[in-house]
Amino acid sequence: MAEARNYDSIVNRNEITDAAASAFANPEQIPEKYVRTEEVLDGVVVGEDERYELPVVDMARLLDPELSASEIAKLGDACRNWGFFQLTNHGVDEEVVQRMKDSTVQFFSLPLESKAKVAVRGNGFEGFGHHYSRASSGKLDWAESMILVTQPVHDRNMEMWPTNPPTFRDALEVYSVEMIDLAMKLLGFMAADLGVEQEALLDAFTGKRQSMAIHSYPPCRHREKVMGITPHTDGLGLTLLLHVDDTPGLQIRKDGRWFPVRPLPGAFVVNVADILDVLTNGAYASVEHRVLPDAERGRTTVVIFQEASVGGLVAPLPGLLLEEGGAHARYRSIEIEEYIKGNFNALEHGTRFIESLRI
């Protein structure tokens with residue numbers, strides 16, 4: 001069982017002020033603290049004329065004994081070469097998904113004074129506000145975010161869970177459990193691809209912390225000036241993203257270029273995060289990604305982050321190392337608490353903490 005942990009004071013999140021809400025609603029004059037033209041234009045975005053497909057993994061095929069082997073190979077290839085895939089036929093109850101979508105849309109539709117009742121406090125981690133901001137730039141992302149610890153239950157700060165809309169708490173409660181189940185199914189197939197004992201990988205995630213972020217990216221016609229989310233890799237274990245609508249915006253950096261993700265109806269976007277990169281001893285890649293707002297349409301997402309550790313350590317799985325017939329460790333081991341602190345500190349400074357763990 002995970003011990004209670006306080007993320008406050010090691011993160012930096014800004015409140016959504018009246019001025020910010022006004023800028024989001026009428027983005028003709030972009031306030032200077034949102035102008036990030038150089039960052040937006042950093043790197044080549046693959047054009048509409050170039051055909052490519054983000055890997056798609058079909059859960060129904062993974063579960064089919066006759067098709068499973070080929071689909072597991074597809075899953076492994078996606079995790080190694082892209083670090084991302086879209087998951088179709090995932091089996092999550094459609095009603096559960098719809099209630100989460102509806103509650104998210106209703107929350108972001110509320111007036112600022114209502115959302116501010118669960119606003120971030122001081123150097124708080126949880127609550128309603130901007131994303132994490134980088135101390136080095138002082139710039140803000142073009143988005144509103146609600147971040148909460150969802151599992152284990154005793155780590156929840158219910159003061160920060162919205163009571164408006166009235167459906168929100170129950171919708172998130174049920175959804176968070178469904179996402180644990182989905183993650184565990186995927187991890188079982190990842191273990192098969194990696195050639196490790198299923199129990200070893202599942203144990204790394206079992207009973208560990210889960211957090212949730214819902215994001216609303218207002219439209220902005222000056223797309224070349226603002227950033228929805230700064231380029232980053234996810235610091236935890238496994239990320240499961242639900243598109244509330246079909247508005248694009250997520251981009252993945254591969255071979256030095258940005259590849260836009262075209263959301264598939266009803267699919268989840270799943271990505272390898274830094275801890276899973278370490279657990280797999282670098283076999284699976286945690287890949288840099290960012291979000292750019294759409295010119296005409298808002299974009300809303302629900303993102304679940306699953307944490308992981310091996311006996312309290314962020315470390316490669318023993319079954320992948322030399323004494324088990326595997327390779328030399330590519331990362332040094334570190335206690336999970338130290339990892340979390342280091343990761344948040346690196347995030348604030350625009351660096352990747354796991355780079356400091358490489359051997």
Side-chain angles (χ1 to χ4, degrees), residues 2-3 5 7 10-11 72 75-85 132 183-184 186-211 230-240 252-256 270-290 304-359:
E3 294 180 7
R5 180 193 303 143
Y7 292 106
I10 59 171
V11 298
I72 287 172
L75 168 68
D77 186 67
C79 292
R80 286 175 167 81
N81 296 314
W82 282 85
F84 273 80
F85 58 91
Y132 315 116
M184 290 301 176
L186 280 171
L187 290 162
F189 294 115
M190 289 177 180
D193 169 68
L194 292 161
V196 297
E197 292 290 333
Q198 188 177 95
E199 188 177 355
L201 187 55
L202 294 184
D203 280 355
F205 283 82
T206 299
K208 306 305 193 300
R209 188 162 284 98
Q210 179 197 73
S211 52
T230 304
H232 67 288
T233 58
D234 291 347
L236 299 181
L238 190 69
T239 305
L240 304 110
I252 300 165
R253 199 197 289 269
K254 179 174 167 59
D255 302 325
V270 181
N271 66 282
V272 174
D274 290 349
I275 293 178
L276 186 55
D277 188 323
V278 174
L279 290 176
T280 65
N281 202 30
Y284 285 3
S286 177
V287 173
E288 191 176 30
H289 51 286
R290 68 179 186 178
I304 291 287
F305 305 97
Q306 299 284 162
E307 195 176 294
S309 60
V310 180
L313 297 174
V314 174
L317 290 169
L320 292 172
L321 299 182
L322 205 56
E323 58 269 24
E324 299 284 343
H328 290 283
R330 295 174 183 169
Y331 295 100
R332 63 182 175 88
S333 302
I334 183 173
E335 290 188 0
I336 183 67
E337 301 298 328
E338 291 304 308
Y339 172 86
I340 294 295
K341 290 176 186 174
N343 183 66
F344 274 123
N345 184 59
L347 193 65
E348 189 174 353
H349 292 90
T351 59
R352 288 188 73 191
F353 184 63
I354 67 164
E355 292 300 332
S356 70
L357 304 179
R358 287 189 187 276
I359 297 174

State, yes or no, whether a side-chain contact exists between [X] and [Y] at a heavy-atom distance under 4.5 Å.
| X | Y | answer |
| --- | --- | --- |
| Val287 | Val272 | no |
| Met190 | Leu238 | yes |
| Ile340 | Glu337 | no |
| Leu236 | Ser211 | yes |
| Ile354 | Asp274 | yes |
| Thr230 | Arg290 | no |
| Val314 | Tyr331 | no |

Any idea which heavy atoms bring [X] and [Y] closest together, and the distance?
| X | Y | value |
| --- | --- | --- |
| Ala183 | Leu240 | CB-CD1, 4.2 Å |
| Cys79 | Phe85 | SG-CE2, 3.9 Å |
| His328 | Asn281 | O-ND2, 3.0 Å |
| Leu279 | Ala204 | CD1-CB, 4.1 Å |
| Leu201 | Ala191 | CD2-N, 3.8 Å |
| Leu186 | Leu75 | O-CD2, 4.3 Å |

Angle class for the Tyr339/Phe353 ring planes (parallel below 30°, perpendicular above 60°, tilted otherwise)?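 It falls in the perpendicular class, over 60°.
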Would you indicate whether Glu197, at its atom CD, is surrounded by more than 12 heavy atoms from other residues, nucleotides or ligands within a distance under 6.0 Å?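 No, because the 6.0 Å sphere around CD of Glu197 holds 12 heavy atoms or fewer from other groups.
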How far does [atom1] of [X] sit from [atom2] of [Y], to the nearest 0.5 angstrom?
| X | Y | atom1 | atom2 | value |
| --- | --- | --- | --- | --- |
| Ile334 | Ser309 | CD1 | OG | 12.0 Å |
| Asn343 | Thr351 | CG | OG1 | 9.0 Å |
| Gln210 | Ile304 | CD | CD1 | 4.0 Å |
| Arg80 | Tyr284 | CZ | OH | 5.0 Å |

Check step by step if side-chain contact (heavy atoms from CB on, under 4.5 Å) holds for Gln306 and Ile275. CA-CA 10 Å; Gln306 299 284 162; Ile275 293 178; over 6 Å; no
Passing candidate, side chain to side chain donor-acceptor pair (under 3.5 Å) with His289, options Asp234, Asn271, Thr233: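 One option only clears the test, and that one is Asp234.
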Is a side-chain N or O of Lys254 found less than 3.5 angstrom from the main chain of Gly83, in a donor-acceptor match?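 No, because the side chain of Lys254 does not come within donor-acceptor range (under 3.5 Å) of the backbone of Gly83.
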May I ask you to decide whether Lys208 forms a salt bridge with Glu307, counting only side-chain N to carboxylate O separations under 4.0 Å?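 No, Lys208 and Glu307 are not salt-bridged.
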